[in-house]
Amino acid sequence: MMGKWEAKLKQIEERASCYERKPLSSVYRPRLSKPEDPSSVWKLFHRQNQAFNFVKSCKENVHVFALECKVGDGQRIYLVTTYAQLWFYYKSRKHLLHCYEVIPENAVCKLYFDLEFNKHANPEADGKKMVVLLIEHVCKALQELYSVSCSAEDVFNLDSSTDEKFSRHLIFQLHDVAFKDNIHVGNFVRKILQPALHLISSEYDNRIPNPVGHEFSHFPETPLKQEISFNQTSPDKDIAKSWTLNSEIPERLESAEQSSPDLSFLVVKSNTGEEHLFVDLGVYTRNRNFRLYKSSKIGKCVALEVAEDNKFFPKQSKNISEENQYFLSSLVSNIRFSDSLRILTCDTSQNKRKRTEHVNSTSSSETIEGFQCSPYPEIDRFVLSLVTKNDTKGGIRRWNYFFPEELLVYDICRYRWCQNIGRAHKSNNIMIVVDLKNEVWYQKCHDPVCKAENFKSDCFPLPAEVSLLFLFKEEEFTADETWNSEAKNPGASSDTDWDNSTDDVYFLQATEDAELAEAAENSLLSYTSAVNEIPDELIIEVLQE
DNA sequence: CAGCGCTACCACACCCC
DNA sequence: GGTGTGGTAGCG
């Protein structure tokens, strides 16, 4: 035991001295080149953190990929480049044979599945049929929980089977729909597969109370989990409770349609004879590595290829080859912005409770605002001025930047005035969308009714000072060393704030989490606690539960 | 010189009947 | 025996 600690300590000391010798020398300082120069980005890192920090400092729309090293022990290095450039070197399949997409935490992503079973242990299992049934079940659940319509033709079906193993990846190509991040995808998948989980573990049967008597509600604000007390000291128990709560919804839906879905086809045996699910539930963790189309694991020579029963065919394009289209479709975190993009969420009630607790404990303090700034403090201030009328002082809950369209989307809190209905919403928040390209702003909102009609307010011009500042941002760019103190104090921002801005602006989805992570970079020890302190309140999309 | 993020599992301590 | 805690091996 002591040896472990000593080894760890030594490791940390070594790293510390390494950082001292080369203090953040990898901070990327782009030249002030013309924007139309398509400068190439191709950079390797030994550490995932460094790769993501580089992405943030990079003005191109780049992504992190993991490459398996020659040594067969699962060691990886991290490549940062654009999708286009990766494909250019990747397509010949002479290099980059064992490549993984890193699905970034907190990034919007597609619904995806990793499916597998051992053929010898399940001689009677018909893999293709199981895929068909699973897709049917998932589509039905998407319809019932989110009113999202899709079918097998929207599911990119990739095969990596061997004689030993049936193995597939499914990547759902939903139209104008994405999940908030892959943690939410995991919550959704576990939720809709609960009937199958019951079949495996009889323990669950004892824990789940009869749902009769609970009212079904589409809204998470409904206090239907009031009876559950918060139990800080027992995380395991908490999880069990959240399962219990989540199980209420599918069971009620089942009873509503007079038939409970038979998910017994999902139960397979492992080579040791234990019962498992056909669906691998272990692929929904932060920064999950997901093998790329046409890549193989390092020890094996079986790559992911389009399955023979795949029914998804990407749109033909003049500029992009069909193979490239398949490649782009296979990328879980490759989400194109569209004006009507819907972000689906699926929280465990455990997380919801945590968030509510946190809001309750901090909402009165000043600290929240400090973390709610985007890299554009001037625009933040303008947006805040828009959501301040009389006594109502709105705030910025979080912001997203969409690279190709140059859109800043602000989620507003404490101010719900909606131009569509001419009054404030009772329980749904609004958004302010800032279009940097066209120098206008408009309002949208999270209310299901407004969403259903795809409401978007008239466009209003951005004030001259905001537009002008944006024009000058390239010139004003300098290296940033003063980020920490500035970011936590947006009110006192000066023009040096633009130094920070260029860091995060081109990130597909930058949240306060990402900012904090960077803020804590100089202090590795404070990283965890800082992230835990992020104030985060109720969910955006409210169609689930 | 150099991966990452979990979860299942174990050993142990404490508590209560 | 039940329950919580801290630490680790090993899986994906």
Side-chain angles (χ1 to χ4, degrees), chain A residues 1-22 25-26 43-54 64-80 98-107 112-118 160 165 167-169 181-183 185-187 189-190 197 200-201 203 206-207 231-243 270-272 274-292 295-300 304 332 348 350 513 517 524 527-528 531:
Chain A
M1 181 132 94
M2 251 357 243
K4 266 249 143 54
W5 271 106
E6 278 162 12
K8 198 133 234 170
L9 201 64
K10 191 149 173 272
Q11 202 187 340
I12 290 169
E13 279 167 357
E14 266 170 21
R15 197 167 300 172
S17 81
C18 168
Y19 282 135
E20 266 170 35
R21 272 180 281 120
K22 299 165 68 181
S25 57
S26 64
K43 216 162 149 58
L44 291 166
F45 299 87
H46 282 288
R47 303 289 176 168
Q48 185 180 261
N49 255 339
Q50 296 175 337
F52 275 114
N53 285 334
F54 176 71
V64 180
F65 302 89
L67 315 176
E68 267 180 322
C69 300
K70 297 274 186 302
V71 280
D73 62 350
Q75 242 178 56
R76 286 164 195 207
I77 55 169
Y78 300 90
L79 165 67
V80 175
H98 320 293
C99 233
Y100 296 75
E101 172 186 12
V102 181
I103 304 166
E105 58 181 307
N106 303 315
Y112 63 101
F113 289 87
D114 180 21
L115 310 175
E116 59 179 48
F117 64 81
N118 184 296
S160 191
K165 224 167 75 170
S167 171
R168 296 287 177 100
H169 282 187
D181 59 39
N182 72 331
I183 304 297
V185 173
N187 293 339
V189 172
R190 280 184 291 268
L197 287 163
I200 292 173
S201 166
E203 245 193 332
N206 305 329
R207 288 190 190 167
N231 186 347
Q232 275 182 309
T233 52
S234 170
D236 286 340
K237 217 174 183 175
D238 257 19
I239 289 162
K241 279 176 184 168
S242 69
W243 278 110
S270 71
N271 30 12
T272 54
E274 290 160 296
E275 288 194 325
H276 280 281
L277 283 196
F278 177 42
V279 178
D280 182 354
L281 297 175
V283 297
Y284 305 109
T285 54
R286 293 175 172 82
N287 300 319
R288 161 66 40 180
N289 290 191
F290 211 51
R291 189 147 53 92
L292 287 187
S295 265
S296 60
K297 287 184 188 169
I298 194 154
K300 318 268 170 68
L304 278 159
V332 171
T348 62
Q350 185 193 9
D513 306 38
L524 289 172
Y527 177 80
T528 313
V531 168

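Reminder, nothing fancy here: chain letters follow the sequence lines and each chain counts from 1. In what follows, every heavy atom counts, from backbone to side chain, and hydrogens, waters and symmetry copies are set aside.
- Side-chain contact between Glu105(A) and Phe52(A) is absent, with no heavy-atom pair separated by less than 4.5 Å.
- Side chains of Leu67(A) and Arg76(A) form no contact here, defined as non-hydrogen atoms less than 4.5 Å apart.
- OP1 or OP2 of dA2(B) has not a single side-chain nitrogen or oxygen of Gln50(A) nearer than 4.0 Å.
- Considering only side-chain atoms of Gln75(A), the nucleotide from dG3(B), dG5(B), dG12(C) that sits closest is dG3(B).
- Using modelled atom types, one finds a donor on one side chain and an acceptor on the other under 3.5 Å when comparing Asn182(A) with Tyr112(A).
- Distance from the side chain of Thr285(A) is smallest for dG5(B) among the nucleotides dA2(B), dG3(B), dG5(B).
- Across its full length, the helix from dC4(B)-dG12(C) to dC15(B)-dG1(C) shows an angle of 10° between the axes of its 5 terminal pairs at either end, rounded to 10 degrees.
- Considering only the side chain of Asp114(A), dG12(C) comes nearest among dG3(B), dG12(C), dG5(B).
- Closest to the Arg286(A) side chain, of the nucleotides dA2(B), dG12(C), dC6(B), is dC6(B).
- Nearest-nucleotide assignment on DNA chain B puts the 5′-proximal partner with Tyr284(A), out of Glu274(A) and Tyr284(A).
- Side-chain contact of Ser296(A) with His98(A): a donor-acceptor pair under 3.5 Å is present, judged by distance alone.
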message: Quick one, Leu281(A) with Leu197(A), criterion side-chain contact (heavy atoms from CB on, under 4.5 Å). Give me CA distance, side-chain angles, the key distance, then yes/no.
response: CA-CA 11 Å; Leu281(A) 297 175; Leu197(A) 287 163; 4.2 Å; yes

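- Taking the centre and axis of the six-membered ring of Phe54(A), the NZ or CZ atom of Lys43(A) falls inside the cone set by 45° and 6.0 Å.
- A distance of about 15 Å separates the C1' atoms of dG10(C) and dG3(B), rounded to the whole Å.
- In this entry the distance linking CG of Leu281(A) with C1' of dT7(B) reads 12 Å, nearest Å.
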